[in-house]
Amino acid sequence: MSTPLPDTRRGAILERLARDGEVRVAALAADLGVTPVTVRRDLTRLAEEGLIEQVRGGARRLTGSPQGSGSRSTPRPTLAIVTPSLQYYWPAIVAGARQAASEHGAQLLVQASSAGAEDNLAVVEELCADPSIDALILAPDLRSGAASERLVARLQEVDHPVILVERSVRALGARGRTFDSVRTDHRSGAAMALRHLAERGHERVTMLCDPFSPTRPLLEEGFARACPELGFDAEHIHSGTIDTHGSSPFEAIDGFLERCREHGTTAALVHSDEAAMLVLQHAQRRGWSVPRDLSIVSYDDELSELAHPALTAIAPPKQTLGERAVLLALQRLRAPDSPIERIELLPRLLARATTTAPAPASAPAPSTG
């Protein structure tokens, strides 16, 4: 049985509804000096008693206003999504979030932040000070040590629902509060790429990753786990990193191609699309034939179809990530005590022109010199 609603809050809520016809959770919480979670529970109890009608983001009175007056509208929840970029990967996620918000009667505020924890924290503080915000959707930086610890500690204190996209706080250890999250199963994405290559007869494979991406550890874990499961010999496997924005990316690619030649490598999984396109173009300049000498699978599918030839790619379900994040936020607003959900979505493999069976062993890959 739920705890009885204190008479003072009951009276204040009913009085506000009788006067204004509707209330918003954030405004009522500020006026009563309690958390939004407490207000939502109060409104749920009053709705169960048949005294009010609970709606998204607040409540409205059942009687006391002329039917069909049309003077007031149902409160719409306002969701804020904070992204580390608005140029690569994230625009599709935002597009999915916008579509879901529109379809379910919510407002979506898009806020850009840098990828750093300190900047994330500043944006979170700004949004928490805005009484119109009902829930936060964000991809926090969890890899910056003490700064990330402070960020997560602050998120623990936020009264609003907090939904994580492509992130999980489990990386920072046990916490008093966990969060709903939706992310791509990148480990399985790496395994998909390897399975695709194994089915085409490749026995010697490699992986090249962006050293600064939060996706890297998941890809490396999936790669390491899938290789023995698919029968790849550890002696014929190597991996590396490439900073596409560094001072000498083509020197790094030359070194990568040299390792491929030394190991007899015939196929590579490359993250991200930008890195894969650079590898493809530089290999072709050095006389390599793609995919005959080297099959390439790109990871992200942001630019892969624009390459020549078009890159086979692993495509995370970016738009669906945004849609699910909004649905998780609305569900948390409707049912604050419902179980925490951690959703993982599988990416897709899009076979294009850069993967095929390896060339015969008698035809070695060209030199990188």
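Side-chain atoms are counted along with the backbone in the values below, which use heavy atoms only and exclude waters and symmetry mates. In this chain, residues are counted from 1 in sequence order.
A donor-acceptor distance shorter than 3.5 angstrom exists from the side chain of S148 to the backbone of D141, with no hydrogens or angles considered. Remark: the backbone N or O of D210 is not paired with any side-chain donor or acceptor of R216 at under 3.5 angstrom. Formation of a donor-acceptor pair under 3.5 Å by the D273 side chain with backbone atoms of L303 is found in this model. In terms of modelled atom types and a separation under 3.5 Å, the side chain of R187 and the main chain of F223 share no donor-acceptor contact. At distances below 3.5 Å, at least one donor-acceptor pair connects side-chain atoms of S213 with backbone N or O atoms of T215. Using a distance-only test at 3.5 Å, with no hydrogens or angles considered, a donor-acceptor pair links the side chain of T354 to the main chain of I296. When atom types are taken as modelled, the side chain of D134 and the backbone of T78 share a donor-acceptor pair closer than 3.5 angstrom. A distance-only check finds a donor-acceptor pair linking the side chain of K318 to the backbone of D300 [under 3.5 Å]. In this structure a side-chain-to-backbone donor-acceptor pair under 3.5 Å is missing from E118 to A147. With hydrogens and angles disregarded, a donor-acceptor distance shorter than 3.5 Å links the side chain of T44 to the backbone of R40.
In this structure the side chain of I137 never reaches within 4.5 angstrom of the side chain of V82, judged on heavy atoms. With a 4.5 Å cut-off on side-chain heavy atoms, V34 and V39 count as touching. Taking the side chain as every heavy atom from C-beta outward, P214 and L142 never approach each other to under 4.5 Å. E274 has its side chain out of reach of M277: every pair of non-hydrogen atoms, C-beta onward, lies at least 4.5 Å apart. P317 places none of its side-chain heavy atoms less than 4.5 Å from the side chain of R348. Considering only heavy atoms from C-beta on, R154 comes within 4.5 Å of E125 through its side chain. By the 4.5 Å heavy-atom criterion applied to side chains, R200 and S295 are not counted as neighbours. The shortest side-chain heavy-atom distance between I340 and S181 does not fall under the 4.5 Å cut-off.
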>> Working note: H202 + F232, criterion ring pair (Phe, Tyr, Trp, His ring centres under 6.0 Å); need CA distance, chi angles, decisive distance, verdict.
In response: CA-CA 9 Å; H202 292 276; F232 291 108; 8.8 Å; no

> Stepwise, does the side-chain contact (heavy atoms from CB on, under 4.5 Å) test hold for L257 with L294?
Replying inline: CA-CA 9 Å; L257 293 175; L294 183 69; 4.2 Å; yes

>> Please determine whether side-chain contact (heavy atoms from CB on, under 4.5 Å) holds for the pair H263 and H236, giving the CA-CA distance in whole Å, both sets of side-chain angles, and the decisive distance to 0.1 Å.
In response: CA-CA 6 Å; H263 286 266; H236 303 319; 5.9 Å; no

> Hey, mind stepping through T265 and R259 against side-chain contact (heavy atoms from CB on, under 4.5 Å) and telling me if it holds?
Replying inline: CA-CA 8 Å; T265 300; R259 290 192 300 276; over 6 Å; no

> Under the side chain to side chain donor-acceptor pair (under 3.5 Å) criterion, do T184 and E344 qualify, and how do the steps go?
Replying inline: CA-CA 5 Å; T184 304; E344 281 196 325; over 6 Å; no

> For H271 and L208, what are the C-alpha separation, side-chain angles and deciding distance, and is it a side-chain contact (heavy atoms from CB on, under 4.5 Å)?
Replying inline: CA-CA 6 Å; H271 175 261; L208 193 63; over 6 Å; no

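One hydrophobic cluster, built from ILVMFWY side chains closer than 4.5 Å, holds both V326 and V182.
Using a 3.5 Å distance cut-off with no hydrogens or angles, the side chains of Q331 and E341 do not pair a donor with an acceptor. T266 and E203 form no side-chain donor-acceptor contact under 3.5 Å, judged by distance and modelled atom types alone. Between the side chains of T312 and H196, not a single donor N or O lies within less than 3.5 Å of an accepting N or O. Side-chain atoms of R342 and S168 include no donor-acceptor pair closer than 3.5 Å.
The minimum heavy-atom distance between L127 and A80, with the atom names listed, is CD1-CB, 3.9 Å.
Contact check on D31 versus R16 returns a salt bridge, with a Lys/Arg side-chain nitrogen under 4.0 Å from an Asp/Glu carboxylate oxygen. Taking 4.0 Å as the cut-off between side-chain N and carboxylate O, R286 and D293 do not count as a salt-bridged pair. Using a cut-off of 4.0 Å between Lys/Arg side-chain N and Asp/Glu carboxylate O, E221 and R225 are scored as salt-bridged.
Put simply, CG on L330 and CZ on R334 are 5.5 Å apart, with the number rounded to the nearest 0.5 Å. If you take OG on S248 and CG on D243, they are separated by 9.0 Å, rounding to the nearest 0.5 Å. Here the CG-SG distance, from L121 to C128, works out to 9.5 Å after rounding to the nearest 0.5 Å. Here the CZ-CZ distance, from R45 to R9, works out to 7.5 Å after rounding to the nearest 0.5 Å. Annotation: the span from E199 atom CD to L230 atom CG amounts to 8.5 Å, rounded to 0.5 Å. Residue R10 holds its CZ atom at 14.5 Å from CD of E15, rounded to the nearest 0.5 Å.
Within a 6.0 Å radius of CZ in R324, other residues, nucleotides and ligands contribute 12 heavy atoms or fewer. Sparse packing is recorded around CD of E305, with 12 or fewer heavy atoms of other residues, nucleotides or ligands lying under 6.0 Å away. Residue E220 places its CD atom among more than 12 non-hydrogen atoms of other residues, nucleotides or ligands, all under 6.0 Å distant. With a 6.0 Å radius and a threshold of 12 heavy atoms from other residues, nucleotides or ligands, E157 has its CD atom above the threshold.
Under the side chain to side chain contact (heavy atoms under 4.5 Å, CB included) test applied with L164, the options L138, D180, L328 reduce to a single match, L138. Here the rule is side chain to side chain contact (heavy atoms under 4.5 Å, CB included) with W90, and of L321, T83, V110 only T83 fits it.
With ring centers used as reference points, H245 lies 6.0 Å or more from F212.
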